[in-house]
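A quick write-up on the structure given underneath.
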Number of protein chains: 2
Amino acid sequence: MKYSRQRELILKSLRENCIHPTAEQLYDFILQEEPTVSLATVYRNLNLLAENGMVKKIEGLDGTAHFDHQTHDHYHFICTRCGQVFDVPYDIAPDLETAVEKQTGLKVTSYDIAFRGICQNCRKIN
Amino acid sequence: MKYSRQRELILKSLRENCIHPTAEQLYDFILQEEPTVSLATVYRNLNLLAENGMVKKIEGLDGTAHFDHQTHDHYHFICTRCGQVFDVPYDIAPDLETAVEKQTGLKVTSYDIAFRGICQNCRKIN
DNA sequence: CCTCAAAATGATAATTATTACTATTATTGT
DNA sequence: ACAATAATAGTAATAATTATCATTTTGAGG
């Protein structure tokens with residue numbers, strides 16, 4: 001994997017954006033700093049970075065993929081009203097790989113949990 | 001919600017298909033019995049049935065939505081080689097809603113776990 | 001510091017999954 | 001049987017993502 005200015009910018013931008021953005025959201029953000037990057041480059045690099053474990057790709061929240069600069073184990077909660085994504089700490093359910101393997105014999109290489117609900121902000125409003 | 005022959009057929013077909021099919025897979029299956037149903041009808045009804053809790057919509061496995069006739073609490077494992085989806089029993093991690101609420105204050109209304117790995121069949125082959 | 005092969009890019013076309021639209025048909029309560 | 005309402009088939013439209021490809025950038029070796 002060779003260096004590229006664009007990839008560095010994408011990674012830096014993701015780290016500055018703690019909202020778990022989609023590729024398109026991150027693209028819009030990046031355009032402000034560097035208006036020549038291509039949407040395809042953003043998609044390409046986010047997937048590449050995810051394959052290499054440098055970022056996390058989160059699927060199953062709302063149909064579109066989100067990206068997370070935090071790579072340590074943790075889960076996610078999406079507010080079904082405002083769409084905001086929150087982190088859920090790993091220790092609410094640690095070591096599920098082992099639990100699954102014990103019960104089913106299936107060897108888990110990765111997994112995600114997508115929690116859904118209404119966040120505290122939206123709950124207040126209504 | 002009025003009765004419709006097509007919806008009944010869709011539900012019946014899903015129950016006969018324990019492979020957690022996508023809308024399109026189920027559509028192909030249904031065509032053999034009833035060649036006049038529309039793909040749109042399959043999508044419409046699967047979503048409708050899911051909203052009413054009669055089937056489960058599974059997202060986050062591989063980018064496309066799968067459907068499950070089993071409505072009781074359980075999780076899923078997808079083989080990243082052959083794409084087959086397996087059930088994972090609920091008791092490997094029960095009552096996560098409460099765990100999340102205790103730790104974060106967020107009220108969970110639903111959640112899914114998508115486990116990934118290589119299934120036992122694929123493991124044998126390679 | 002040149003050269004060149006490999007990798008990355010931007011721009012856009014293509015694909016895939018899903019939803020929207022609309023005229024027609026089926027269902028159901030009266 | 002009638003009318004109101006919901007559902008359908010068929011297709012167009014949309015949204016998200018990936019593929020393509022000509023051009024540019026990177027980095028290792030002479």
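Numbered from 1 within each chain, the chains take letters A, B, ... in sequence-line order.
Under a 3.5 Å cut-off, the side chain of Gln25(A) and the backbone N or O of Thr22(A) do form a donor-acceptor pair. Between the side chain of Arg123(A) and the backbone N or O of Ile118(A) there is at least one donor-acceptor pair closer than 3.5 Å. In this structure, the side chain of Asp62(A) engages the main chain of Thr64(A) through a donor-acceptor pair within 3.5 Å.
One atom, NZ of Lys2(B), and another, P of dA7(D), lie 7 Å apart when rounded to the nearest Å.
Proximity of Pro21(B) to Leu14(B): side-chain heavy atoms (C-beta onward) are separated by under 4.5 Å at one or more points. You'll find the side chain of Tyr90(B) stays beyond 4.5 Å of the side chain of His72(B), heavy atoms only. Residues Cys79(B) and Asn121(B) have side chains not in contact (no heavy-atom distance under 4.5 Å, counting atoms from C-beta outward). The closest side-chain heavy-atom distance from Phe115(A) to Leu106(B) is not below 4.5 Å.
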Evaluation steps, salt bridge (Lys or Arg N to Asp or Glu O under 4.0 Å), between Asp112(B) and Arg116(A): CA-CA 9 Å; Asp112(B) 278 310; Arg116(A) 280 173 287 275; 2.7 Å; yes

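Of all the residues in residues 29-37 of chain A, Thr36(A), Val37(A) reach under 4.0 Å from DNA chain C with at least one non-hydrogen atom. Contacts of residues 3-21 of chain A with DNA chain C (heavy atom under 4.0 Å): Ser4(A), Gln6(A), Arg7(A). Contact check of residues 38-59 of chain A against DNA chain D (heavy atom, cut-off under 4.0 Å) returns Ala40(A), Tyr43(A), Asn47(A).
As judged by a 4.0 angstrom heavy-atom cut-off over every strand, Ala23(B) is placed among residues making no nucleic acid contact.
Using a 4.0 Å cut-off between charged side-chain N and carboxylate O, Glu16(A) and Lys12(A) make a salt bridge.
Once rounded to the nearest 0.5 Å, the distance linking CG of Asn45(B) with CD of Glu51(B) reads 11.0 Å. With rounding to the nearest 0.5 angstrom, the CG atom of Leu11(B) is 5.5 Å from the CG atom of Leu49(B).
Ring pair Tyr75(B)/Tyr111(B) is tilted by interplanar angle, where 30° to 60° counts as tilted.
For Gln70(B), the CD atom is densely surrounded, since the number of other residues' heavy atoms within 6.0 Å is greater than 12.
Using a 4.0 Å cutoff to heavy atoms of chain B, the contacted part of DNA chain C runs 5' to 3' from dA17(C) to dT28(C).
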Side-chain donor-acceptor pairs under 3.5 Å in residues 35-42 of chain B, sequence neighbours left out?
from, atom 1, to, atom 2, distance (Å)
Thr36(B), OG1, Glu34(B), OE2, 3.1
Ser38(B), OG, Ala40(B), N, 3.2
Thr41(B), OG1, Arg44(B), NH2, 3.4

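Rotation axes derived from the C1' atoms of the five outermost pairs at either end of the helix from dC1(C)-dG30(D) to dT30(C)-dA1(D) lie 40° apart, to the nearest 10°.
Contact record, Ala114(A) with Gly60(A): CB-O, 3.8 Å, taken as the closest heavy-atom pair.
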